[in-house]
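Notes follow the structure.
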Number of protein chains: 2
Amino acid sequence: MKRHSHQRDIILEEVRRGKTHPSAQEVFDRVRPRLPKISLGTVYRNLEQLAAHGVIRKLELPGQQRRFDGDTSEHYHIRCLACGQVDDIPGPLLVQIRQLPDTLNNYTILGHRLELIGICPRCRETAGPNPSNGQ
Amino acid sequence: MKRHSHQRDIILEEVRRGKTHPSAQEVFDRVRPRLPKISLGTVYRNLEQLAAHGVIRKLELPGQQRRFDGDTSEHYHIRCLACGQVDDIPGPLLVQIRQLPDTLNNYTILGHRLELIGICPRCRETAGPNPSNGQ
DNA sequence: ATCAATAATAGGATTTATTATTAATTGATA
DNA sequence: TATCAATTAATAATAAATCCTATTATTGAT
């Protein structure tokens, strides 16, 4: 990020809009109405750059495509097993994880990833995956 | 798994051999000397089937390809940020996670995924990723 | 032991998410 | 405003996983 770009500004605005956790393709779809000539590669590159600089967070979800989060505060996520929707879990990190030793199994510990798995209210009510939820 | 297959037996043997956490491709490579005509699709199908029946465990790792674990007891994993190697962390699940409520954020909670991120001893010593470690 | 039904396989094509390449454009700076 | 590296658009390439179809193997019934 050695200089500004209009594309990056718009991408950041769209990632920050709402509390969703969009994939690169979803960001692309949201940006396109404003920048019809933008390409998907530009979206990927800028999302990675913004995440590398801590402006947004990258969520690498097991078995799913990568998502991005405009909220950089420390928080966990819960993910719907049926539709893939990702929501925030407010509150502090687990105390037990905070208290882990510096080394374990001879590894130097740098961090952790935790996500809860569940069924979102919409999928529970409709008794099936709700495609409009995201996946 | 309505019928037995020789291929599945060999695949299971190879996943259980050692304490590694092989990817489908790695299982394929290990099985090939014994079954030269096996195809990658067969390996994927049988690994998924074995996991669905609880015979092995599927590890869906953020930002990495899927791996499989012949050890089905409850345990967490630690993963080397440099080389991708995955090791077991012995011991029980975190008490705090055990005590989570049934619902959170209006989701029905079904489970969780936790993995620790670190640097493995080999990568620490060689001051760089060790390609022979797996990734 | 043989046979018919059908589950499972081999081999290859396809899909999806992501990354790399390249020529043209743009933003920061002298 | 001329320069030059950073950034872009467009597209090709890659990697992991899935799908497709003709063939083979396993099973329960004879």
Side-chain angles (χ1 to χ4, degrees), chain A residues 1-15 21-53 55-69 79 83-84 86 131 134-135, chain B residues 1-15 21-53 55-68 79 83-84 86 129 131 134-135:
Chain A
M1 296 214 299
K2 302 203 173 165
R3 47 191 235 205
H4 284 146
S5 89
H6 184 49
Q7 286 88 338
R8 184 154 54 233
D9 291 343
I10 304 294
I11 287 167
L12 180 55
E13 274 182 35
E14 292 298 332
V15 172
H21 303 82
S23 65
Q25 180 68 53
E26 285 166 358
V27 173
F28 180 59
D29 293 340
R30 293 184 200 176
V31 166
R32 217 129 68 130
R34 304 175 64 182
L35 299 172
K37 313 213 75 169
I38 200 170
S39 84
L40 185 57
T42 299
V43 172
Y44 268 101
R45 183 168 15 80
N46 280 297
L47 288 172
E48 290 294 332
Q49 262 186 92
L50 288 165
H53 285 78
V55 182
I56 64 176
R57 276 180 65 186
K58 171 162 63 164
L59 311 181
E60 301 207 290
L61 302 164
Q64 246 205 189
Q65 80 249 39
R66 178 179 315 172
R67 292 178 177 276
F68 296 87
D69 191 346
R79 188 169 125 214
C83 71
V86 176
Q135 192 181 61
Chain B
M1 296 214 297
K2 301 197 173 169
R3 294 179 183 176
H4 284 147
S5 88
H6 184 48
Q7 286 87 338
R8 184 155 54 232
D9 292 343
I10 304 295
I11 287 167
L12 179 54
E13 274 182 34
E14 291 298 332
V15 172
H21 302 81
S23 65
Q25 180 67 53
E26 285 165 359
V27 173
F28 180 58
D29 293 340
R30 292 184 200 176
V31 166
R32 215 124 75 122
R34 304 175 64 182
L35 300 171
K37 315 212 75 169
I38 200 169
S39 84
L40 185 58
T42 299
V43 173
Y44 268 101
R45 184 167 11 81
N46 280 297
L47 288 172
E48 290 294 332
Q49 262 184 93
L50 289 165
H53 285 78
V55 182
I56 64 175
R57 276 180 66 186
K58 171 162 63 163
L59 311 181
E60 301 207 290
L61 302 162
Q64 246 205 190
Q65 82 249 39
R66 177 182 316 171
R67 292 177 177 277
F68 296 87
R79 187 169 127 214
C83 72
V86 176
Q135 193 179 61

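Computed over heavy atoms, backbone and side chain alike; hydrogens, waters and symmetry mates excluded. Small disclaimer: the values here were computed from a predicted structure and weren't measured.
Distance, A/Leu61 CG to C/dT18 C1': 15 Å, rounded to whole Å. Put simply, CG on A/Asp9 is 10 Å from P on C/dG27, counting in whole angstrom units. Atom-to-atom, CG of A/Leu35 to P of C/dT25 comes out at 17 Å; the value is rounded to the nearest Å. Regarding B/Arg8, its CZ atom lies at a distance of 8 Å from the C1' atom of C/dA8, rounded to whole Å. Atoms CD (A/Glu60) and P (C/dA17) sit 15 Å apart, rounded to a whole Å. Computed from coordinates, the B/Arg32 CZ to C/dG11 C1' distance equals 12 Å when rounded to whole Å. To the nearest angstrom, P of D/dT8 lies 14 Å from CZ of A/Phe28. When rounded to the nearest whole Å, the span between CG of A/Asn46 and P of D/dT7 equals 8 Å.
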Hey, can you pull the donor-acceptor pairs under 3.5 Å for the side chains in residues 27-42 of chain B, sequence neighbours left out?
from	atom 1	to	atom 2	distance (Å)
B/Asp29	OD1	B/Gln25	NE2	3.2
B/Arg30	NH1	B/Thr20	OG1	3.3
B/Arg30	NH2	B/Thr20	OG1	3.1
B/Arg34	NH1	B/Glu13	OE1	3.0
B/Arg34	NH1	B/Glu14	OE2	2.8
B/Arg34	NH2	B/Glu13	OE1	2.8
B/Ser39	OG	B/Thr42	OG1	3.3
B/Thr42	OG1	B/Arg45	NH2	3.4

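At a threshold of 4.5 Å between non-hydrogen side-chain atoms, the residues B/Arg8 and B/Leu12 do not count as touching.
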What is the per-nucleotide protein-contact pattern of nucleotides 15-30 of chain D, from the 5' end, where B denotes a base atom under 4.0 Å from a protein heavy atom, S denotes such proximity for sugar-phosphate atoms only, and - denotes neither? -SBB------BBS---
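Checked against side-chain contact (heavy atoms from CB on, under 4.5 Å), A/Glu48 has the following partners two or more places apart in sequence or in another chain: A/Lys58, A/Arg66, A/Phe68. The side-chain contact (heavy atoms from CB on, under 4.5 Å) check on A/His53 picks up A/Met1, A/Val55, with sequence neighbours excluded.
For D/dT8, neither phosphate oxygen OP1 nor OP2 lies less than 4.0 angstrom from any side-chain nitrogen or oxygen of A/Thr42.
Between A/Ser23 and A/Arg67 the shortest heavy-atom distance is N-NH1, 3.8 Å.
A donor-acceptor pair is defined here as one N or O able to donate and one able to accept, closer than 3.5 Å; such a pair exists between the side chain of A/Arg79 and the backbone of A/Pro62.
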